[in-house]
Amino acid sequence: MEQNQQEERETAAQEFEAALDELEEILQDKFPEAKTKGSFYDGSVSDAQLAQEEQDLASIDIAAFEDAVADIEQYLAERYR
């Protein structure tokens, strides 16, 4: 029984890691400039740039984001049973 639980945890951890990787890819595809610009809140971004970033955030693929969140929730639920 204990070995089965360990295997389930490893599988869940792999699925969680894959979901995080997928989310990271989605965000990097949507905001490729974020890799080089640094934090949005480090004081080096103008109000106009922040407004543009907010518009960009509003257009994120919500379904993909919800899928990633669901995977994370499932992982946490299984982990803390």
Side-chain angles (χ1 to χ4, degrees):
M1 185 78 156
E2 200 170 297
Q3 183 177 1
N4 189 27
Q5 287 179 338
Q6 182 63 29
E7 289 173 2
E8 288 177 3
R9 287 182 180 146
E10 289 175 8
T11 300
Q14 290 171 351
E15 291 173 359
F16 177 71
E17 190 75 31
L20 288 178
D21 290 343
E22 182 180 345
L23 179 59
E24 182 179 18
E25 287 177 26
I26 290 168
L27 293 175
Q28 287 178 354
D29 287 346
K30 193 68 179 171
F31 305 107
E33 71 280 359
K35 293 180 206 173
T36 57
K37 278 205 284 191
S39 172
F40 293 140
Y41 306 106
D42 64 1
S44 65
V45 179
S46 71
D47 288 341
Q49 288 172 316
L50 281 176
Q52 180 61 45
E53 296 295 343
E54 288 175 5
Q55 285 181 329
D56 290 344
L57 284 172
S59 65
I60 288 177
D61 182 358
I62 298 299
F65 186 74
E66 288 174 344
D67 287 344
V69 170
D71 288 343
I72 293 167
E73 288 174 340
Q74 179 183 357
Y75 169 79
L76 292 173
E78 289 176 5
R79 181 171 181 187
Y80 295 106
R81 279 188 190 175

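Atoms CD and CD, from Glu15 and Gln74 in turn, are 6.0 Å apart once rounded to the nearest 0.5 Å. Atom CD of Gln6 is separated from atom OG1 of Thr11 by 10.0 Å, given to the nearest 0.5 angstrom. Atom CD of Gln3 and atom CD of Gln5 lie 11.0 Å apart (nearest 0.5 Å). Atoms CZ and CD1, from Arg79 and Ile72 in turn, are 13.0 Å apart once rounded to the nearest 0.5 Å. One finds the CG atom of Leu20 at 8.5 Å from the CD atom of Glu24 (value rounded to the nearest 0.5 Å). One finds the CZ atom of Arg9 at 15.5 Å from the CZ atom of Phe16 (value rounded to the nearest 0.5 Å).
Considering all non-hydrogen atoms of both residues, Ala68 and Ala19 come closest at CB-O, 4.3 Å.
Side-chain atoms of Gln14 and Glu10 include no donor-acceptor pair closer than 3.5 Å.
The shortest distance between side-chain heavy atoms of Phe65 and Ile26 does not fall below 4.5 Å.
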